[in-house]
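Contents: one structure, followed by commentary.
Letters go in sequence order (proteins before strands), and every chain restarts at 1. Every heavy atom of this structure was used, including side-chain atoms; hydrogens, water molecules and symmetry mates were not.
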Amino acid sequence: MIDLKQLRENPQAFGDRLRRRGGDFDLERILELDAQQRQLEQQRSRLQARSNEIGALVGRKIKSGVPPTDPEIQALKTEANDLKQQLSDLEPQERQLKEELERLLLTIPNLPSETTPIGRDETENVEVRRWGDEYKPTQPCQPHWDIATQLGLWEVERSVKVAQSRFVTLWGMGAALERALIQFMLDTHRERGYVEVLPPLLVNTASLTATGQLPKFAEESFRCADDDLWLIPTAEVPLTNLYREEILAAEQLPIYHCAYTPCFRREAGSYGKDTRGLIRLHQFNKVELVKFVHPETSAAEHEALVADAEFILQALKLPYRVVELCTGDLGFAAMKCYDLEVWLPAAGCYREISSCSNFGDFQARRAKIRFKGAKQKGTQFVHTLNGSGLAVGRTMAAILENYQQADGTVRVPEVLQPYLKCSHIGRAAS
RNA sequence: GGAGAGGUGGCAGAGUGGUUGAAUGCGCUUGACUCGAAAUCAAGUUUAGGGUAACACCUAACGGGGGUUCGAAUCCCCCCCUCUCCGCCA
């Protein structure tokens, strides 16, 4: 949720910054509704003040022995009834305004950071740095789905039978490799200060609204219609909502969490895109990092978060680059975002494997996650950040392609060997 | 699925129509006493919106919504959630 006060105080600057995302936003209407609503609220609270006064007055008189039939009391009752009548006109009006305002506000994306590069779409994203030597195969390199099939690491057709297209079953060493990756990632993040959690995979509407997936992206999530529950599209949702409607003590910050969860996405509108392999599935595994921090530290925390995600790629010795998203490519709730893109030699290109965003107070405002210093008067919204650390299926894809040997086997990255208890994945290995 | 109990401030826990935003206890903050601490005493200690230069001040909120009343945490109706026991179940 955007900061209405900020918009009210400086509509021009606010609008200019928001429009860097591209597209148009009806801020005028919001300001108008806001002004009307506040005017009504003032009117209403004046009437209510008088009504409260009468209530107290009548109470005092009756207690002191004045009979209820006394004309003075009768006059007060008449006045109060009149006020009630006026209020019953005002209240629905105000409520309606408030609801419309709220509805509109929920559709406005976050303000991009001042430092976010301005651009129209992903072609104008800015490469920040590269790491590792790109593996340029001398002979034709196989795409990971062919490697997986040859080594018996997955089962595609049967998965379609069991579920649908865009679902896969990992098999034998494929399943083991996925599990090893998850455990390696969690162990690593835990050592680096993140508290591991294993959250619910179904969440309610309030939770999805708080992190920004609803109301705008309802068609992207799987819903259990009978229960007001949705399958999580990312662990970001349950993790961020752990602290929904809480006021934290300032000393509790920063809070770091990591979690492994499956993620479920309908991938509506991506028909024909990445139909093969592990890149785009309805269900995939991800290790997620989430931070709750003091606003003053959020920029530095963001850089550190990216470094934590990068650390996994470096440990696995997978070449990657860091790209900063431009304003036109920024996610709905993000104010600033870096993508990590891993090198996929078969396609000869980089593919997103992690997305690390700073949401500022956008999610915190929706989720009402606040903090308070010991001697501080009011409350303040925390800043929330999260990033993949990493998308596990895509990591497996990158390993298969980058680690395939001339003999067709896949070498196991050193850091995973203790988990898998072998150095190569071959045909007979499973 | 069946039966019952309950949802009040950071926590515990009173409160069945009247000046109760809410007793009391715990916790926390500040002050007094003390060389210091403990103990003791005193004061303070919810959130949101509006309003103000800043205070003051006003409004709302006792799970949510509606109703009765001059007045509701307290009475009535609907909904939600939690807990316990039984059944079922990984």
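At whole-Å resolution of the value, CG in A:L76 and P in B:C70 are 12 Å apart. What separates CD of A:E79 from P of B:G71 is a distance of 12 Å, to the nearest Å. Distance, A:L90 CG to B:U59 C1': 13 Å, rounded to whole Å. Atom-to-atom, CD of A:E94 to P of B:U59 comes out at 14 Å; the value is rounded to the nearest Å. Rounded to whole Å, atom C1' of B:C70 lies 7 Å from atom CD1 of A:I54. When rounded to the nearest whole Å, the span between CZ of A:R244 and P of B:C81 equals 14 Å. Put simply, CG on A:D228 is 14 Å from C1' on B:G64, counting in whole angstrom units. B:G71 atom C1' lies 12 Å from atom CG of A:L57, rounded to whole Å.
For A:K84 and B:G71, the shortest distance from a side-chain N or O to OP1 or OP2 is below 4.0 Å.
Checking A:T78 against A:R60, the closest nucleotide of RNA chain B that is more toward the 5' end is the one next to A:R60.
In this structure B:G71 sits in no base pair that meets the Watson-Crick or G-U test at under 3.5 Å. Both distances falling under 3.5 Å, in either a Watson-Crick or a G-U wobble arrangement, occur for no nucleotide opposite B:G51. Searching all strands for a Watson-Crick or G-U wobble partner of B:C33 with both distances below 3.5 Å returns nothing. Pair assignment for B:C26: B:G10, on the basis of Watson-Crick or G-U wobble contacts that are both within less than 3.5 Å. Nucleotide B:A61: paired with B:U46 (Watson-Crick or G-U wobble, both distances less than 3.5 Å). When both distances must be under 3.5 Å, the Watson-Crick or G-U wobble mate of B:A39 does not exist. In this structure, B:G1 and B:C86 make a Watson-Crick or G-U wobble pair, each of the two defining distances being under 3.5 angstrom.
Remark: the separation of the C1' atoms in B:U46 and B:U40 is 28 Å, to the nearest Å. Comparing B:G27 with B:C81, their C1' atoms are spaced 28 Å from each other, to the whole Å. Rounded to whole Å, the separation between the C1' atoms of B:A3 and B:C58 comes to 48 Å. Distance check on atom C1': B:A53 versus B:G64 gives 40 Å, rounded to whole Å. Taking atom C1' on both B:C78 and B:G10, the two are 32 Å apart, rounded to the nearest angstrom. Here, B:C33 and B:A39 have their C1' atoms 11 Å apart, quoted to the whole Å. Comparing the same atom, P, in B:G21 and in B:U45 gives a spacing of 15 Å after rounding to whole Å. Going from the P atom of B:C35 to that of B:A42 covers 22 Å, rounded to whole Å.
Residues satisfying the ring-ring contact (aromatic ring centres under 6.0 Å, His included) test with A:Y419, not counting sequence neighbours, are none.
For A:Y338 and A:H302, the ring centers sit closer than 6.0 Å to each other. Aromatic ring centres of A:F371 and A:H294 lie closer together than 6.0 Å.
Note on A:D70 versus A:K61: no salt bridge recorded, every NZ/NE/NH1/NH2 to OD/OE distance being 4.0 Å or above.
Below 30°, between 30° and 60°, or above 60°: for A:F217 and A:F332 the angle between ring planes is above 60°, a perpendicular geometry. The aromatic rings of A:F167 and A:F222 are tilted relative to each other, their planes meeting at an angle between 30° and 60°.
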(request) For each nucleotide in nucleotides 47-58 of chain B, reading 5' to 3', give B when a protein heavy atom comes within less than 4.0 Å of its base, S when such contact involves only the sugar-phosphate, and - otherwise. (result) SSBSS------S
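A donor-acceptor pair shorter than 3.5 Å can be found between the side chains of A:D308 and A:Y194.
Within the 3.5 Å criterion, the main-chain N or O of A:L83 finds no donor-acceptor partner in the side chain of A:R50. Using modelled atom types, one side-chain atom of A:R265 and one backbone atom of A:P233 make a donor-acceptor pair closer than 3.5 Å.
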